[in-house]
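Along the sequence shown, residues are numbered consecutively beginning with 1.
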Amino acid sequence: MSRVVTLTLILLLASGASHAADWRVEKCTRYQRAWTDALRRLGTKGLSAEFMLSHKAFIASGCLENRNVCPRSQEELALANIMVISAMNFGTASTFPPFACPR
């Protein structure tokens with residue numbers, strides 16, 4: 001393979017990795033805004049401390065870790081559903097939000 005082709009491939013791969021990292025950060029930023037807006041509109045009545053702390057840890061990790069935020073109350077489940085729809089509306093998959101309950 002020629003040096004020009006090799007260099008071009010390296011630059012393309014680096015650019016793609018940078019774009020992916022930027023999109024991950026953007027998704028988390030959009031998600032955090034949606035979360036803040038949802039809490040402002042709905043309030044925190046019915047949301048447990050465990051739910052709130054787990055979700056805070058998810059956002060603090062850059063939306064990468066703590067993907068076991070378990071909605072247990074009706075209010076938590078309603079908020080989780082809103083967040084899944086919000087996340088999908090701004091271009092993420094429905095699997096982006098951290099909501100899951102261990103068995």
Side-chain angles (χ1 to χ4, degrees):
M1 191 178 297
S2 76
R3 287 183 182 172
V4 172
V5 172
T6 301
L7 181 58
T8 301
L9 287 174
I10 290 170
L11 291 174
L12 285 173
L13 290 173
S15 173
S18 174
H19 178 70
D22 290 346
W23 176 232
R24 181 188 55 77
V25 169
E26 181 63 25
K27 287 189 295 187
C28 192
T29 299
R30 290 178 186 187
Y31 184 86
Q32 184 174 10
R33 277 191 227 131
W35 174 257
T36 300
D37 187 51
L39 288 180
R40 185 178 49 79
R41 290 174 186 246
L42 300 174
T44 58
K45 182 180 179 198
L47 307 180
S48 69
E50 178 184 2
F51 180 81
M52 295 296 287
L53 288 172
S54 294
H55 196 274
K56 183 178 181 178
F58 169 70
I59 290 176
S61 75
C63 302
L64 294 173
E65 297 176 16
N66 195 34
R67 302 194 64 80
N68 290 315
V69 179
C70 183
R72 298 187 190 280
S73 69
Q74 287 184 352
E75 294 88 352
E76 290 171 352
L77 184 57
L79 180 55
N81 286 335
I82 288 168
M83 293 308 299
V84 169
I85 292 168
S86 294
M88 290 175 66
N89 283 341
F90 59 70
T92 69
S94 61
T95 57
F96 178 79
F99 305 109
C101 295
R103 294 189 188 248

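Note that CE of M83 and CG of N89 are 11.0 Å apart. Values are rounded to the nearest 0.5 Å. Taken to the nearest 0.5 Å, the CZ atom of R67 stands 13.0 Å off from the OG atom of S54. In this structure, CD1 in I82 is found 10.0 Å from CG in L77, a value given to the nearest 0.5 Å. Between the CG atom in N68 and the CZ atom in F58 there is a gap of 11.0 Å [rounded to 0.5 Å].
Cluster annotation: F90 is connected to I59 through the hydrophobic network of ILVMFWY side chains, with a link wherever side-chain heavy atoms come within less than 4.5 Å. Under the 4.5 Å side-chain contact rule for hydrophobic residues, M88 and V69 share a cluster.
The two residues L79 and A38 have their closest heavy-atom pair at CD1-CB, 3.6 Å. Scanning both residues, R24 and G62, for their nearest heavy atoms gives NH1-O, 3.5 Å. Between K45 and E75, the shortest heavy-atom distance links the atoms O-CG, 3.4 Å. Of all heavy-atom pairs spanning S73 and G46, the tightest one is OG-O, 2.7 Å. Contact detail for E76 and R72: the closest heavy-atom pair is OE1-N, 2.7 Å.
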Evaluate L47 against L42 for side-chain contact (heavy atoms from CB on, under 4.5 Å), listing each step before the verdict.
CA-CA 10 Å; L47 307 180; L42 300 174; over 6 Å; no
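Considering only heavy atoms from C-beta on, Y31 stays 4.5 Å or farther from T92 through its side chain. Two residues are said to be in side-chain contact when any heavy atoms from C-beta on lie closer than 4.5 Å; C63 and P97 fail this criterion. Side-chain contact check for L39 versus M52: some heavy-atom pair is nearer than 4.5 Å. The shortest distance between side-chain heavy atoms of F99 and H55 falls below 4.5 Å.
By the 6.0 Å contact criterion, CZ on R40 is enclosed, its count of non-hydrogen atoms from other residues, nucleotides or ligands being greater than 12. Under a cut-off of 6.0 angstrom, the local environment of CD in E26 is crowded, with over 12 non-hydrogen atoms contributed by other residues, nucleotides or ligands.
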